[in-house]
A.B. asks: 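Here it is, the structure, as C-alpha cells.
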Amino acid sequence: MSHPFKPALVYLLLAAPALAAAQHPVALVIHGGAGVIERAKMTPAAEASYRAGLGAALDAGYAVLEKGGSSLDAVTAAVRVMEDDPQFNAGRGAVLNHQGDAELDAAIMDGSGPHAGAVAAVHHVKNPIELARLVMEQSPHVLLVGDGAEEFALEHGVVLVPRTYFRTERRERELEEARKAEAAKAKAAGITASGTVGAVALDRAGNLAAATSTGGLTNKHLGRVGDSPLIGAGTYANNATCAVSGTGDGEYFIRQVLAYDICALVAYRHLTLQQAVHEVIHEKLQRTGGEGGVIALDPAGHVAMDFNSAGMFRGARDSQGKRVIGMYGDDLQ
Ligand code: ASP
C-alpha cells in the first residue's frame with residue numbers, strides 16, 4: 001500500500017523545478033549604438049522612427065523569452081530585427097569602409113558554456129549574427145573572417161546578398177562627408193551615432209547570452225576589425241557573472257578588453273553590475289579618451305545601460321513588467 005502523502009510529495013518534487021524555473025526572472029536589454037545623440041539634432045520624425053525600431057527589436061527578443069525560449073534565441077531575434085532595419089549600423093544599414101563597401105562584424109556568446117562564435121570582415125552576409133551563431137554551433141572555431149567566413153556561410157545555406165544591398169543612400173552620403181573631412185585633414189569626420197546593435201538576455205533557465213553586430217566605422221581601412229566580434233572586448237557572457245554588449249570606439253574597447261573587464265570586476269572584486277559598468281565606462285574608458293557605452297545583465301536580472309557619449313539608443317524589458325526605451329543622456333534616469 002502506498003503512503004497517502006506519497007503522490008503529493010512526488011508531485012511537489014516533480015513540480016518544484018518547473019515552478020522555480022517559471023519564477024526565474026527573464027530580461028532583455030538592447031542597444032542601437034552610442035554617440036552624438038542629442039535632442040537638438042533629432043527631428044520628431046527621426047526620434048519616433050528610432051523608438052519604433054528599438055521597440056520592435058525589444059519586443060521580438062522578449063517574445064522569445066516570454067514563451068520560455070532561450071536567451072540565445074532572444075538575442076539572435078532582437079539583433080536580427082535591427083540588422084534588417086536600415087537606420088542602424090548593422091546588416092542592411094551598415095556604414096561603408098573607405099572602398100565604399102560594408103564590412104560586417106558580429107559575435108554571439110552563450111554564458112552557459114561558455115561558448116562563443118564570431119565573424120569579421122564579411123561583405124555579403126545579410127544577417128551576420130546568424131553566421132556568428134553557426135560558427136559557434138556548427139564549427140570547432142570561435143572566429144571566422146573574410147572569404148573563409150563567407151565560404152562557411154555558403155556551406156551552411158546562409159542568405160548572401162550582393163554588396164549593393166548595403167549601399168544605402170544615407171551611408172553613401174556619410175562616407176562622402178568622411179572622405180572630405182579626411183582630405184581636409186579634419187578630425188575623423190564628425191559623423192553622428194554609429195548605430196552598432198547589441199542585445200543581452202536572461203532566460204527562465206537562468207542562462208545569459210550576449211550578441212553584437214556592426215558595420216564598424218565609416219571610412220575605416222579595408223580589413224579593420226572592431227571590438228564587436230572580439231570575445232571579451234565588445235561582447236561577453238558568462239552565467240556566473242554577467243552578459244555585456246558594447247558600442248563606441250572599438251579600438252579602446254579592444255585595448256582594455258572592456259566587456260570581459262566588467263564581468264571580472266563582478267567576479268573578483270565582487271562589485272555589483274552597476275558599479276562594475278560605472279567603473280569601466282566612467283573611469284577606464286573615460287581616462288583613455290574613448291567614448292561609448294554598454295548594456296549588461298547579471299544572473300539575478302539586474303540591468304545596466306551606461307555610456308560616456310552624449311547618448312545611446314537603448315531599451316530594456318523584463319518579467320517585472322518594465323519596458324523602457326531611451327536615447328538621450330538624460331532619458332531613463
Ligand atoms: N564598436 C564598433 C566598432 O568599433 C562601432 C560602434 O559601436 O560604434 O566597430
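Since this is a predicted model, take the numbers as computed values, not measurements. Numbers for residues simply follow the sequence, beginning at 1. We count ligands from 1, going down the list as the structure has it; atoms in each ligand are counted the same way.
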A.B. asks: Is it the case that one hydrophobic cluster holds both Leu72 and Val26, taking links as side-chain heavy atoms less than 4.5 Å apart, direct or via other members?
C.D. replies: yes
A.B. asks: For atom 4 (O) of ligand 1, which protein heavy atom lies nearest, and how many Å away is it?
C.D. replies: Arg224 NH2, 2.8 Å
A.B. asks: If the threshold is 4.0 Å, N to carboxylate O, is there a salt bridge linking Glu251 and Arg255?
C.D. replies: no
A.B. asks: Look at Asp101 together with Arg163 and state whether they make a salt bridge at an N to O cut-off of under 4.0 Å.
C.D. replies: yes
A.B. asks: Ion pair present between Lys126 and Asp84, side-chain N to carboxylate O less than 4.0 angstrom?
C.D. replies: yes
A.B. asks: Under 4.0 Å between a Lys/Arg side-chain N and an Asp/Glu carboxylate O for Arg171 and Glu174?
C.D. replies: yes
A.B. asks: Is there at least one pair of N or O atoms, one from Gly250 and one from ligand 1, spaced under 3.5 Å apart?
C.D. replies: yes
A.B. asks: Heavy-atom contacts with Gly226 under 4.0 Å: which atoms of ligand 1 show up? List them by number with element.
C.D. replies: 9 (O)
A.B. asks: Are Gly33 and ligand 1 in contact, using a heavy-atom cut-off of under 4.0 Å?
C.D. replies: no
A.B. asks: For ligand 1, which atoms, with element, lie under 4.0 Å from some heavy atom of Thr247?
C.D. replies: 6 (C), 7 (O), 8 (O)
A.B. asks: Which residue and atom name correspond to the protein heavy atom nearest atom 8 (O) of ligand 1, and how close is it?
C.D. replies: Ser194 OG, 2.2 Å
A.B. asks: Thr196 heavy atoms, cut-off 4.0 Å: which ligand 1 atoms fall inside?
C.D. replies: 2 (C), 5 (C), 6 (C), 7 (O), 8 (O)
A.B. asks: Pull out every atom of ligand 1 sitting under 4.0 Å from any heavy atom of Asp227, numbered as shown with elements.
C.D. replies: 1 (N), 2 (C), 3 (C), 4 (O), 9 (O)
A.B. asks: Using the rule that two of Ile, Leu, Val, Met, Phe, Trp, Tyr join whenever any of their side-chain heavy atoms come within less than 4.5 Å, decide whether Leu28 and Ile325 are in one cluster.
C.D. replies: yes
